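Before any comments, here is the structure.
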2 protein chains.
Amino acid sequence: MAVTLADVAARAGVSAATVSRVLNGNYPVAGTTRSRVLRAVEELEYVVNGPASSLAAATSDLIGVLVNDIADPFFGIIAGGVQSRIAPVDAPDPRGRKLAVVCTTGGSPEQELTYLTLLQRQRAAAVILTGGAVEDPAHQAALAAALRRIERAGARVVLCGRPPLSPPVVEDEGGARGEAATTIGPDGTEVALPRAADLPRPACLAFDNRGGARALAEHLISLGHREIGYLAGPAERTTTRHRLEGHRAALEAAGLADGAGDRVVHGRFDRDSGYEGARELLRRFPGLTAIAAANDTVALGACAALREAGLRVPEDVSVTGFDDLPFAAEAAPALTTARLPLHEAGARAGLLALGVEEPPPGGVAVIGTELRVRASTAPPPSGPRPARTD
Amino acid sequence: MAVTLADVAARAGVSAATVSRVLNGNYPVAGTTRSRVLRAVEELEYVVNGPASSLAAATSDLIGVLVNDIADPFFGIIAGGVQSRIAPVDAPDPRGRKLAVVCTTGGSPEQELTYLTLLQRQRAAAVILTGGAVEDPAHQAALAAALRRIERAGARVVLCGRPPLSPPVVEDEGGARGEAATTIGPDGTEVALPRAADLPRPACLAFDNRGGARALAEHLISLGHREIGYLAGPAERTTTRHRLEGHRAALEAAGLADGAGDRVVHGRFDRDSGYEGARELLRRFPGLTAIAAANDTVALGACAALREAGLRVPEDVSVTGFDDLPFAAEAAPALTTARLPLHEAGARAGLLALGVEEPPPGGVAVIGTELRVRASTAPPPSGPRPARTD
DNA sequence: TTGAAAGCGTTACCAC
DNA sequence: GTGGTAACGCTTTCAA
């Protein structure tokens with residue numbers, strides 16, 4: 001059997017209580033007792049039983065981090081930022097380090113809920129939800145309920161790169177928007193929606209996706225582009241909607257709007273989607289001189305499609321991305337993007353999760369983007385576009 | 001206070017033992033009792049107390065994953081592979097899902113040891129160590145001791161992308177190699193080394209770094225290159241050494257070896273290092289027609305340096321990478337690399353951690369690389385290289 | 001400053 | 001099939 005507190009206590013000739021106090025450093029202990037205990041710990045190679053101490057103390061050292069995909073650098077960088085604060089390498093004592101339980105939800109609301117329960121079960125000290133949210137009212141209601149449960153259980157909740165939980169606004173047939181009381185769940189049953197006042201209000205670090213997308217579109221417009229395609233992310237996601245709104249706002253401000261949905265193709269947040277989407281844009285809008293992509297990965301796919309179609313970036317078509325992931329700007333040619341400070345955001349989320357940093361006033365802090373203009377954008381070609389080679 | 005087993009038992013009119021049995025599904029329970037219990041669980045929104053059950057059952061649902069850097073896709077992809085198996089999305093029951101505790105060690109042996117203790121403390125069911133190891137004998141000894149402790153505590157240990165723990169071979173002054181008994185630790189004290197027979201033998205999925213590097217070098221040689229520079233990773237790491245050995249083996253087999261260390265620059269595994277290293281190679285070896293980089297990230301840095309020096313890839317200088325990370329091949333121009341099946345390796349490591357898959361015979365499975373020849377390599381230029389532009 | 005002892009919420013063994 | 005009841009190893013009053 002493993003070495004226990006009692007073994008250490010016996011060896012040091014003190015009580016278990018004293019050993020506990022030495023190890024936790026919460027109570028005063030005589031220097032000599034203290035060193036005797038520490039020696040016993042060394043000699044016996046004692047390692048605290050985490051579950052036992054979590055049970056007794058009703059807390060744990062675990063912090064849950066929900067991500068869409070841990071293999072995606074967007075989330076990896078955020079997770080790295082979180083870790084930099086919850087487990088600082090220079091922590092004087094290993095006890096100062098929380099452990100990050102990283103959960104890959106694949107963007108699925110069901111997985112998100114499952115993991116929240118799993119984390120609540122572990123009595124995680126905090127839960128950090130990263131990236132955009134799904135906008136389905138039923139899921140939002142379920143999520144709000146799960147988060148409320150978690151908060152009631154004493155865990156902190158932090159949203160990172162995700163807007164605050166929104167009140168259940170539902171559009172009725174007439175297009176009127178109002179606060180709904182119920183909605184129809186995925187299983188066809190009626191689901192009660194939380195009233196705005198009942199929503200949990202977790203600390204929230206929201207990305208300014210609207211602003212970033214708007215800045216990118218304005219950049220393209222200022223270069224002289226008039227026919228700009230947009231490769232949007234999956235529908236029903238806040239990230240997708242906000243970026244698209246920002247993009248359209250810029251078009252409208254420039255008098256370029258000609259109906260909703262125009263020159264927009266929806267897809268996923270991955271490279272293949274960018275490739276397919278760009279091909280579709282080229283087919284449907286032959287006059288296009290620029291493509292704004294939902295993110296860098298999508299933009300790279302779009303670049304590949306353009307290359308394949310015999311079009312040069314940016315001489316024939318300009319392309320913009322979003323997020324500024326490490327490798328992306330390297331891709332041919334250097335990508336113009338809206339940089340999101342992912343690591344810093346993760347770090348702040350970590351501090352909020354620890355309770356070291358106070359939540360921003362109102363609970364929400366908006367994290368801005370920075371426009372990075374690079375070689376993937378240029379003024380539109382003046383002459384007609386060369387014929388496609390395929 | 002939170003809802004407990006006893007509350008559920010009271011509500012269902014059964015004993016706590018029965019509730020436990022229903023929830024764990026280990027013992028037969030009458031159907032009617034069962035549904036009564038499940039209803040009570042629903043009604044009370046009961047969530048098991050993980051620490052309590054870990055304490056009682058002496059196991060936990062946590063699996064530790066040690067990575068150099070969670071923001072690096074190399075590790076993110078491996079971690080994703082692990083998760084795909086330890087927490088399958090189609091698990092019929094959330095209890096079938098283990099949680100991954102991802103720990104970023106920054107490649108530091110001290111951090112590695114700290115995290116191993118932290119994970120042992122959590123009574124993690126398994127620990128997966130990913131990526132190359134540091135070769136310092138004192139650290140190897142400490143690591144071996146830590147792993148032995150963990151195994152004795154009942155946790156599985158899996159090495160993924162890391163060679164097996166090596167016996168403490170030390171080279172003495174005369175260059176003779178033998179098994180040493182002690183070495184000098186970082187604090188100057190003498191450290192006992194484990195004898196080969198005492199080493200823990202965790203399940204191990206080793207990457208064929210030698211083979212991959214050798215294949216890349218052979219590819220360059222077959223194209224006609226004779227002056228090939230090498231951008232090595234940090235010294236003292238198995239990954240660095242093995243890749244370099246494979247590279248040199250190819251040069252030797254082709255009669256191109258002219259002394260150890262020639263045309264080799266050491267650095268880190270990052271882009272800046274590739275940039276700096278390539279500049280140094282160009283300075284020291286003006287006749288170079290190819291550069292083999294330790295990995296894709298380093299290769300991208302090298303490409304940037306070449307571009308800046310007015311040299312084209314591959315017309316003037318060919319470049320190779322390693323690992324085949326998603327974005328890398330996209331970087332201008334498409335990179336020739338040795339592809340490592342990172343996701344698959346992680347998935348296998350996950351199965352080994354669960355104990356679902358038996359360790360390979362001998363404990364070690366070697367995972368091969370696949371040569372991906374792309375546009376970054378071509379025959380060397382025939383004429384003299386154009387003068388540098390700076 | 002230290003010790004004794006009562007929980008913390010499960011699990012698992014032993015009866016019934 | 002089900003209930004009673006020791007563990008499990010720690011934290012934290014309460015006394016001394």
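Each chain gets a letter, A, B and so on, in the order the sequences are listed, and its residues count up from 1. All values reported here derive from a predicted model rather than from experimental measurement.
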- Would one find a side-chain N or O of B/Thr4 under 4.0 angstrom from OP1 or OP2 of C/dG9? no
- Within the distance-only criterion (no hydrogens, no angle test), does the side chain of B/Thr104 pair as donor or acceptor with the backbone N or O of B/Asn68 below 3.5 angstrom? no
Regarding the side chain of A/Ala57, the nearest nucleotide among D/dT12, D/dG9, D/dG4 is D/dT12
note: A/Arg36, atom CZ; C/dT1, atom C1'; distance rounded to Å ~ 12 Å
Shortest non-hydrogen pair, A/Leu129 vs A/Val127, comes out as CD1-CG1, 3.6 Å
Determine whether a donor-acceptor pair (one donor, one acceptor, N or O, separation below 3.5 Å) exists between the side chain of A/Arg21 and the base of C/dG3. yes
task: Please check the phosphate of D/dT11 (OP1 and OP2 only) for any side-chain N or O of A/Ser20 closer than 4.0 Å.
output: yes
Result for 5'-nearest mapping on DNA chain D, choosing between B/Leu55 and B/Pro28, is B/Pro28
For C/dT11, take OP1 and OP2 only and decide whether either is under 4.0 Å from a side-chain N or O of B/Asn24. yes
When the rotation axes relating C1' atoms of four end pairs to the next four are compared across the helix from C/dT1-D/dA16 to C/dC16-D/dG1, five pairs an end, they differ to 10° by 30°
Exercise for the section: Report yes or no: does B/Arg97 contribute a side-chain atom to a donor-acceptor pair with the main-chain N or O of B/Ile86 at less than 3.5 Å? Expected result: no
Picking from D/dT5, D/dC10, C/dG9, the nucleotide nearest the side-chain atoms of B/Asn49 would be C/dG9
- Query: Run the salt bridge (Lys or Arg N to Asp or Glu O under 4.0 Å) check on B/Glu112 and B/Arg162 step by step: do they pass?
  - Reply: CA-CA 14 Å; B/Glu112 204 165 72; B/Arg162 165 178 305 213; 3.0 Å; yes
- request: Indicate, with a heavy-atom threshold strictly under 4.0 Å, whether B/Thr33 touches base, sugar-phosphate, or nothing.
  value: sugar-phosphate
Of C/dT2, D/dT2, D/dC10, the nucleotide closest to the side chain of A/Val29 is C/dT2
A/Ser53 side-chain N/O to D/dG9 phosphate OP1/OP2 under 4.0 Å:
no
Next on the checklist: More than 12 heavy atoms of other residues, nucleotides or ligands under 6.0 Å from CZ of B/Arg34: yes or no?
Outcome noted: no
Among the nucleotides D/dG3, D/dG1, C/dT11, whichever has the atom closest to the side chain of B/Ala30 is D/dG1
Discussion item. Walk me through whether B/Leu352 and B/Leu205 qualify under side-chain contact (heavy atoms from CB on, under 4.5 Å).
Written reply: CA-CA 10 Å; B/Leu352 289 167; B/Leu205 303 171; 3.9 Å; yes
Side-chain atoms of B/Leu5 come closest, of D/dG3, D/dG9, C/dT11, to C/dT11
| task | Take A/Thr18 and A/Ser15 through the side-chain hydrogen bond (donor to acceptor under 3.5 Å, both in side chains) test and state the conclusion after the steps. | result | CA-CA 5 Å; A/Thr18 300; A/Ser15 72; 3.3 Å; yes
> Does OP1 or OP2 of D/dC14 have a side-chain N or O of A/Tyr27 closer than 4.0 Å?
Replying inline: no
(Q) I want to check one thing: is the phosphate of D/dT11, taken as OP1 and OP2, less than 4.0 Å away from some side-chain N or O of A/Asn26? (A) no
B/Leu23 atom CG is separated from C/dG9 atom C1', nearest whole Å, by 13 Å
Between CG of A/Asp7 and C1' of D/dC10 the distance, given in whole Å, is 13 Å
Looking only at D/dT2, D/dC10, C/dG3, the nucleotide nearest the A/Ala56 side chain is D/dC10
*From CA spacing to verdict: side-chain contact (heavy atoms from CB on, under 4.5 Å), A/Val134, A/Leu143*: CA-CA 10 Å; A/Val134 169; A/Leu143 183 62; over 6 Å; no
